[in-house]
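Dropping the structure in here first, questions after.
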There are 2 protein chains.
Amino acid sequence: MAPPPPSPPPPPRTSAHDREFLRGYDVTQFDRPSVTVDVCVFTVADGDIEVVLVRRREPPFVGAWALPGGFVGIDESLEGAATRKLAEETGIRDIWLEQLYTFGEPSRDPRTRVITVAYYALVPRERLEGQVRAGAGAAETAWFRIVDGRGGRIGLEAREGGERPEMAFDHASIVETAVRRIRGKLEYTTIAFELLPREFTLTELQQVYETILRRRLAKAAFRRKVLSAGVLKEAKGTRRGGHRPAQLYRFVGRGR
Amino acid sequence: MAPPPPSPPPPPRTSAHDREFLRGYDVTQFDRPSVTVDVCVFTVADGDIEVVLVRRREPPFVGAWALPGGFVGIDESLEGAATRKLAEETGIRDIWLEQLYTFGEPSRDPRTRVITVAYYALVPRERLEGQVRAGAGAAETAWFRIVDGRGGRIGLEAREGGERPEMAFDHASIVETAVRRIRGKLEYTTIAFELLPREFTLTELQQVYETILRRRLAKAAFRRKVLSAGVLKEAKGTRRGGHRPAQLYRFVGRGR
DNA sequence: TGAATAGTGTCTATAAGACAATATCCC
DNA sequence: GGGATATTGTCTTATAGACACTATTCA
């Protein structure tokens with residue numbers, strides 16, 4: 001092989017010509033959509049997936065349940081906006097967050113054209129005890145169990161009385177997309193660990209998988225597979241509770 | 001189980017209160033980012049992945065290579081905008097398209113705050129012969145081979161002389177994200193078939209997999225797996241060429 | 001000691017990888 | 001027939017699922 005020739009220094013990101021153009025650039029020359037973020041925060045509790053919603057106290061959809069979210073600041077990153085709105089409206093902070101999908105049908109918001117970048121978050125149940133409270137723009141926050149309905153639809157569990165909570169905008173569709181994404185990624189990523197505290201037992205891990213996948217897994221095979229993946233490290237103690245104590249593990253990812 | 005009570009009719013999507021509010025709603029009360037779409041069109045040719053780029057003839061980044069894309073119309077869906085801009089700038093139309101990710105770092109465009117919703121598309125090589133041409137806003141279009149560089153980076157193949165084509169904005173990062181996504185989804189979806197014509201041989205299918213995954217696959221195992229998946233139907237003819245002719249297949253998905 | 005859960009061992013069925021044998025075409 | 005590729009068969013190895021057995025704690 002011939003040795004590679006020396007590479008020239010990279011050109012500047014903006015040229016002098018560009019800078020001149022930019023001075024005369026008018027951002028108002030096009031009609032622009034508004035951009036929001038919405039966040040689906042999920043946890044696993046007692047064999048169910050749950051999502052946190054806030055009750056709207058401003059139009060549109062006053063009184064309906066919505067995902068925490070809101071407008072993106074002009075100098076704010078998308079993930080930054082998602083983190084900020086989540087903290088403002090629900091008090092939840094310092095959690096794992098990942099972009100889900102961007103929903104932009106022209107009719108999805110009755111006010112005007114609004115494109116929303118949806119995120120999903122997974123959080124251990126314990127982290128939330130006493131932490132969730134209604135903040136700015138939210139009249140109330142609550143957890144809703146996710147259930148699988150007929151026709152493969154995924155939605156909120158019906159209340160006593162049989163009616164399902166009404167969701168604002170296309171947020172029901174966003175939640176459904178998020179649940180499908182999590183189910184898909186569960187098997188080839190390590191997102192399950194985001195739903196568990198720092199230390200956990202293999203049975204607790206298996207319960208997370210069983211809840212999200214909606215089926216029982218064989219215990220022996222599950223343990224073999226998880227342990228051979230080499231992403232867990234034995235922790236010091238055990239979890240005790242009336243029976244044989246269970247070894248605690250910690251997620252360490254590849255290596256270490 | 002108790003029989004479910006009759007469910008009340010769903011409430012209207014917007015209430016009278018909402019409508020009154022909307023009459024007075026001022027969309028200009030917030031600073032709004034601009035929103036664009038960008039499209040990564042990939043094909044597989046001669047053992048390489050290739051992406052189509054257009055040379056910019058307007059600032060910023062005049063002369064640099066960019067993904068086909070542009071501003072989203074105020075009443076236009078995101079996918080509609082992606083389809084439209086792709087046709088306008090490259091002449092490519094009627095192809096499979098899927099949303100990739102939304103890039104929104106505040107500094108990613110020197111003009112103003114621009115959030116871009118990126119899409120990726122897969123198209124059979126044959127479909128493009130003579131179809132790709134530079135259109136509105138593009139000085140030139142060209143195909144670039146994708147190569148894996150040191151440190152796990154994915155980028156454009158260097159030209160003769162050793163320099164790599166300069167890409168506008170954060171488009172190099174978008175292309176890299178798209179290639180990773182395709183590599184990941186190849187194994188658990190049927191996107192590979194989007195890269196092949198209506199009828200193809202199993203060897204051609206295997207070559208698509210080998211190109212994208214960058215490794216040789218065992219022929220017997222590959223055939224067993226693909227055929228047992230039940231998504232192919234034998235087509236009428238064979239592909240002839242100096243050797244034993246190969247059976248043609250057609251992708252039919254589940255069932256039929 | 002018994003109930004309950006943790007953890008391990010074994011057998012079988014299935015799938016993946018390696019390798020080779022056979023089949024069919026064109027020249 | 002020879003070259004080249006298509007297609008199938010077989011053997012080995014790895015993995016998943018089912019099932020049962022052992023281990024440990026607390027009441």
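Everything quoted here is computed from the prediction, not taken from an experiment. Lettering of chains follows the sequences in order, A, B, ..., and the numbering in each one begins at 1.
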**OP:** Provide, to the nearest angstrom, the distance between the CZ atom belonging to A:Arg216 and the P atom belonging to D:dA16.
**Re:** 18 Å
**OP:** Determine the contact category for A:Arg224: base if any of its heavy atoms lies under 4.0 Å from a base atom, sugar-phosphate if only primed atoms, P, OP1 or OP2 are that close, otherwise nothing.
**Re:**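 It contacts base atoms.
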Original post:
Taking the side chain of A:Thr203 as heavy atoms from C-beta outward, which of D:dA6, C:dC25, C:dA6 is closest to it?
Top reply: C:dA6
Subject >> Rounded distance (Å) that lies between atom P of D:dA6 and atom CG of B:Leu248 >> reply: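 Atom CG in B:Leu248 sits about 12 Å away from atom P in D:dA6.
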Original post:
Which residue, A:Lys219 or A:Arg215, contacts DNA chain D at a nucleotide closer to its 5' end, judged by nearest heavy atom?
Top reply: A:Arg215
Subject >> From C:dT8, D:dT8, C:dC25, nucleotide with atom closest to A:Arg223 side chain >> reply: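 So the nucleotide nearest the side chain must be C:dT8.
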Subject >> Listed nucleotide nearest any side-chain atom of A:Arg244, set D:dA16, D:dA23, C:dA16 >> reply: D:dA23
Original post:
Which part of the nucleic acid, if any, lies within contact of B:Thr238, taking any heavy atom under 4.0 Å across all strands shown: a base, the sugar-phosphate backbone alone, or nothing?
Top reply: nothing
Original post:
Mind checking whether B:Phe193 and B:Phe251 have parallel, tilted or perpendicular rings, split at 30° and 60°?
Top reply: parallel
Original post:
According to the interplanar angle, ranging from 0 to 90°, do the rings of A:His171 and A:Phe169 count as parallel (below 30°), tilted (30 to 60°) or perpendicular (above 60°)?
Top reply: tilted
Original post:
When you check the gap from the basic side-chain N to the acidic O, do B:Glu98 and B:Arg181 get nearer than 4.0 Å?
Top reply: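 Salt bridge between B:Glu98 and B:Arg181, a charged N being under 4.0 Å from a carboxylate O: no.
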**OP:** Report the nucleotide, chosen from C:dC19, C:dA4, D:dT5, that has the shortest atom-to-atom distance to any side-chain atom of B:Ala220.
**Re:**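 The listed nucleotide nearest to B:Ala220's side chain is C:dC19.
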Subject >> For atom CD of B:Glu187 and atom P of C:dA15, their distance in whole Å >> reply: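 Interatomic distance, CD of B:Glu187 to P of C:dA15: 17 Å.
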Subject >> Selected nucleotide, minimal atom distance to B:His243 side chain, candidates C:dA16, D:dT5, D:dT7 >> reply: D:dT5
Subject >> Nearest-0.5 Å distance, CD of residue A:Glu88 to CG of residue A:Leu86 >> reply: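 The distance works out to 10.0 Å.
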Subject >> Euclidean distance, atom CZ of residue B:Arg239 to atom C1' of D:dA4 [Å, nearest integer] >> reply: 17 Å
**OP:** Nearest whole angstrom, please: distance from the P of D:dA16 to the CG of A:Leu227.
**Re:** 13 Å
Original post:
What's the NZ-C1' distance between A:Lys225 and D:dA14, to the nearest Å?
Top reply: 13 Å
